[in-house]
Amino acid sequence: MSRFLPLTIRFVSGGTMVVTTVAEAKKALAGTWKNKEAPDYLKAARLVDDAIAGTCRPAIAFAAFKKAAAQQGLLKEAAPSAALTMLDELWSRSKVPPS
């Protein structure tokens with residue numbers, strides 16, 4: 001299991017990729033982005049490289065990657081998991097007033 005929740009990236013070229021690790025974030029950064037010169041993209045690329053080298057915490061690098069992807073509109077909305085949907089249904093049933 002991955003340390004991070006999966007992010008689905010939709011590249012400018014139309015392809016998609018699920019990213020759950022810093023190594024996958026590195027691969028995703030090599031894909032087609034809207035602006036690879038944007039400050040947040042460059043910061044994410046640097047931090048991901050640093051995390052791979054062991055000089056940055058992976059959580060910081062992954063958060064920077066997620067921020068850069070969001071700012072460029074590359075994050076694909078994820079549907080709630082089946083388990084979360086079931087819990088939501090159970091919770092909403094418990095809130096219905098008795099007849």
Side-chain angles (χ1 to χ4, degrees):
M1 184 171 165
S2 172
R3 183 172 178 188
F4 304 109
L5 293 176
L7 300 176
T8 302
I9 305 297
R10 176 168 285 149
F11 297 106
V12 173
S13 62
T16 60
M17 178 180 179
V18 176
V19 179
T20 60
T21 66
V22 173
E24 290 171 348
K26 172 104 175 143
K27 288 181 186 178
L29 287 165
T32 52
W33 288 59
K34 291 180 182 177
N35 182 1
K36 288 190 174 186
E37 298 301 318
D40 284 320
Y41 174 90
L42 295 172
K43 180 179 180 180
R46 179 179 51 80
L47 290 172
V48 165
D49 285 343
D50 289 349
I52 291 170
T55 59
C56 174
R57 289 189 5 223
I60 292 171
F62 201 82
F65 170 79
K66 181 177 179 180
K67 180 180 177 184
Q71 286 187 336
Q72 293 198 29
L74 301 182
L75 281 183
K76 184 178 173 188
E77 287 294 321
S81 69
L84 183 57
T85 301
M86 288 171 43
L87 285 173
D88 285 344
E89 287 175 11
L90 290 171
W91 182 83
S92 64
R93 285 185 206 158
S94 70
K95 297 298 177 186
V96 175
S99 302

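Interatomic distance, NZ of K36 versus CG of L42, reported as 10.5 Å (0.5 Å rounding). From T32, atom OG1 reaches atom CD1 of I9 across 11.5 Å, with rounding to the nearest 0.5 Å. Note: T21 OG1 to F4 CZ = 8.5 Å, rounded to the nearest 0.5 Å.
L7 has its side chain out of reach of V18: every pair of non-hydrogen atoms, C-beta onward, lies at least 4.5 Å apart. A heavy-atom distance below 4.5 Å is found between the side chains of F65 and L29. The shortest side-chain heavy-atom distance between F62 and V19 falls under the 4.5 Å cut-off.
A side-chain donor-acceptor contact under 3.5 Å links K34 to the backbone of Q72. W33 places a side-chain N or O within 3.5 Å of a backbone atom of A28 that can act as its donor or acceptor partner.
For K27, the NZ atom sits in a loose shell: 12 or fewer heavy atoms of surrounding residues, nucleotides or ligands are nearer than 6.0 Å.
Here the shortest heavy-atom pairing between A61 and C56 reads N-SG, 4.2 Å.
Among I52, V22, T55, I60, the single residue meeting the side chain to side chain contact (heavy atoms under 4.5 Å, CB included) criterion with L47 is I60.
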